Amino acid sequence: MPQASTKPTASSRDIGMDLGTANTLVYARGHGIVLNEPSVVAVRAGTVTAVAVGAEAKETIGRTPGSITAIRPLKDGVICDYEAAEEMIRHFVRKAVPGRRARSRTRMVICVPSGVTPVERRAIVQASTRAGARAVHLIEEPMAAAIGAGLPVDEPRGSMVVDIGGGTCEVAVISLGGIVTSRSLRVGGDRMDTAITDHVRKEHGLLIGERTAEDVKVAIGSAWPVPDRPELENRSFTVRGRERVGGMPQTLQLTSADVRAALDEPVQAIIAAVRATLEECPPELSGDVMEHGIVLTGGGALLPGLDLRIASATGIPVFVADDPLDCVVLGTGKCVENMDSLF
Ligand code: ADP
Ligand code: MG
């Protein structure tokens with residue numbers, strides 16, 4: 001994954017931001033990715049003052065004393081807390097472009113989930129302007145994902161991208177620089193985590209937290225057997241939780257089979273969205289997708305076997321993009337690099 005190597009200087013005023021429900025990444029013109037942090041804000045109860053933002057704030061999830069709450073300002077692909085969102089954007093812009101003078105010349109391209117409403121779009125633009133940016137442009141997430149994944153978006157050829165983030169899954173067919181058909185569903189990594197929490201509660205009578213569920217998913221989760229990686233089967237992971245009855249702390253060994261069963265429902269929902277998008281797509285373009293395949297981006301694309309599972313359900317080849325977590329910010333970055341001609 002391209003590292004946040006160079007620090008932005010006063011000359012790199014233009015930035016691109018992937019405002020994700022799980023992670024926010026910033027690309028500085030001429031420098032590459034300069035920031036990559038969880039989209040989390042910790043605030044003191046009853047105030048809007050952030051005590052921590054990003055990586056530091058994520059550490060507090062599920063562990064906060066009553067006086068501090070960890071907020072994810074974007075949930076399910078929409079802004080659920082405006083004030084926290086604004087605070088977070090301001091914090092990240094200041095971190096990526098130090099110096100008020102440099103910021104006053106900063107132009108920004110922000111990529112937002114396509115489910116975001118016009119009111120929310122305005123709120124994001126406003127928050128970025130208040131953070132000091134001079135001009136703010138918004139772009140559609142599936143387009144950024146496709147550009148970042150290296151798909152030939154400007155050609156008269158249908159390309160399908162499926163971006164699976166924390167809160168949403170965005171499926172789109174792109175041709176000639178535009179989105180021909182798309183859909184956004186509120187199923188992503190978070191729903192996979194909830195599916196694991198629910199499964200463990202129902203099948204094993206144990207209550208576990210969302211951070212634990214995410215750890216389980218990343219450690220032993222999969223959607224389908226991967227022939228080249230038999231070691232992924234028959235793995236186990238020990239979780240700690242609280243007994244549903246009795247309330248005592250308890251540990252439990254979860255297996256990869258357990259987790260695959262738990263993930264079945266969200267995975268099915270993603271497959272249904274892919275199918276529906278293909279059905280809506282003009283036949284020439286769906287023919288292109290049949291021939292060239294579907295590209296997966298976003299953190300959810302890292303779930304082992306998800307590509308094979310979608311391929312088996314649709315009969316279409318599926319590829320995971322290189323560095324799926326970075327595709328959206330890299331695509332946004334490409335727009336930043338070409339901003340003088342684009343906007
Ligand atoms: P967003 O764009 O919404 O910020 P990302 O594209 O950054 O989301 O992806 C974050 C999601 O990807 C989280 O739900 C995270 O748990 C999930 N994720 C990260 N790594 C893996 C992995 N190896 N397997 C499955 N899911 C993963
Ligand atoms: Mg994303």
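Just so you know, these numbers use all the heavy atoms, side chains as well, and skip hydrogens, waters and symmetry mates. Counting starts at 1 for both ligands and their atoms, following the listed order. Since we're looking at a predicted model, the values are computed, not measured.
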Participant: Considering only protein heavy atoms, which is closest to atom 7 (O) of ligand 1, and at what distance to one decimal place?
Facilitator: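 The closest heavy atom on the protein side is N23 ND2, 2.7 Å.
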Participant: With respect to the Mg ion (ligand 2), what is the nearest N, O or S atom of E141?
Facilitator: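 Per the distance ranking, E141 contributes OE2 as its closest N/O/S atom to the Mg ion (ligand 2).
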Participant: Is there a continuous path of hydrophobic side-chain contacts, each under 4.5 Å between heavy atoms, that joins I15 to I147?
Facilitator: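 Cluster IDs for I15 and I147 differ.
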Participant: Judging by distance only, is a nitrogen or oxygen of A22 under 3.5 angstrom from one on ligand 1?
Facilitator: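 A22 vs ligand 1: N/O contact under 3.5 Å present.
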Participant: Using a strict cut-off of less than 4.0 Å between a Lys/Arg side-chain nitrogen and an Asp/Glu carboxylate oxygen, indicate whether K217 and E210 qualify as a salt bridge.
Facilitator: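 A salt bridge is absent here (no side-chain N lies under 4.0 Å from a carboxylate O).
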Participant: Would you check, one step at a time, whether the test salt bridge (Lys or Arg N to Asp or Glu O under 4.0 Å) holds for R72 with D190?
Facilitator: CA-CA 12 Å; R72 289 180 53 185; D190 294 340; 3.0 Å; yes
Participant: Pick, from G299, G300, G167, the option with the minimum heavy-atom distance to atom 19 (C) of ligand 1.
Facilitator: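 Nearest heavy atom to atom 19 (C) of ligand 1 lies in G299.
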Participant: How does K217 reach ligand 1, by side chain, by backbone, by both or by neither, if only non-hydrogen atoms under 4.0 Å count?
Facilitator: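 For K217, only side-chain atoms sit under 4.0 Å from ligand 1.
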Participant: Does any N or O of ligand 1 fall below 3.5 Å from an N or O anywhere on E214, backbone included?
Facilitator: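 Yes.
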Participant: Which residue owns the protein heavy atom closest to atom 3 (O) of ligand 1, what's the atom, and how far is it?
Facilitator: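 Nearest neighbour among protein heavy atoms for atom 3 (O) of ligand 1, to 0.1 Å: T21 OG1, 2.6 Å.
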Participant: Can you check which of S39, G166, G20 brings a heavy atom nearest to atom 8 (O) of ligand 1?
Facilitator: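 Nearest option to atom 8 (O) of ligand 1, by heavy atoms: G166.
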Participant: What's the shortest distance from atom 22 (C) of ligand 1 to any protein heavy atom, and which residue and atom give it?
Facilitator: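 The closest heavy atom on the protein side is L302 CB, 3.5 Å.
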Participant: With a 4.5 Å cut-off on side-chain heavy atoms, are L325 and L302 touching?
Facilitator: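 SC-SC contact between L302 and L325 confirmed.
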Participant: For atom 14 (O) of ligand 1, what's the nearest protein heavy atom and its distance?
Facilitator: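 I find the closest protein heavy atom is G189 CA, 3.2 Å.
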Participant: Taking 4.0 angstrom as the limit and counting only heavy atoms of G298, give me the atoms of ligand 1 inside it, by number and element.
Facilitator: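 Counting atoms of ligand 1 from 1, those under 4.0 Å from G298 are 6 (O).
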Participant: Using a 4.5 Å cut-off on heavy atoms from C-beta on, say whether the side chain of E37 contacts that of N23.
Facilitator: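 No, side chains not in contact.
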Participant: Please work out, at 4.0 Å between heavy atoms, whether the side chain, the backbone, both, or neither of L325 comes within that distance of ligand 1.
Facilitator: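 The side chain, only.
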Participant: Applying salt bridge (Lys or Arg N to Asp or Glu O under 4.0 Å) as the test, list every pair that has at least one member in residues 332-343; sequence neighbours left out.
Facilitator: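 Output for this query lists R29-D340, R107-D340.
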Participant: Below 3.5 Å, can you tabulate the donor-acceptor pairs from side chains in residues 236-245 to any protein atom, sequence neighbours excluded?
Facilitator:
residue : atom : partner : partner atom : Å
S236    : OG   : Q253    : OE1          : 3.1
T238    : OG1  : Q253    : NE2          : 3.3
E243    : OE2  : Q250    : NE2          : 3.0

Participant: How long is the span from the CG atom in L206 to the OG1 atom in T197, to the nearest 0.5 Å?
Facilitator: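 It is 10.5 Å, given to the nearest 0.5 Å.
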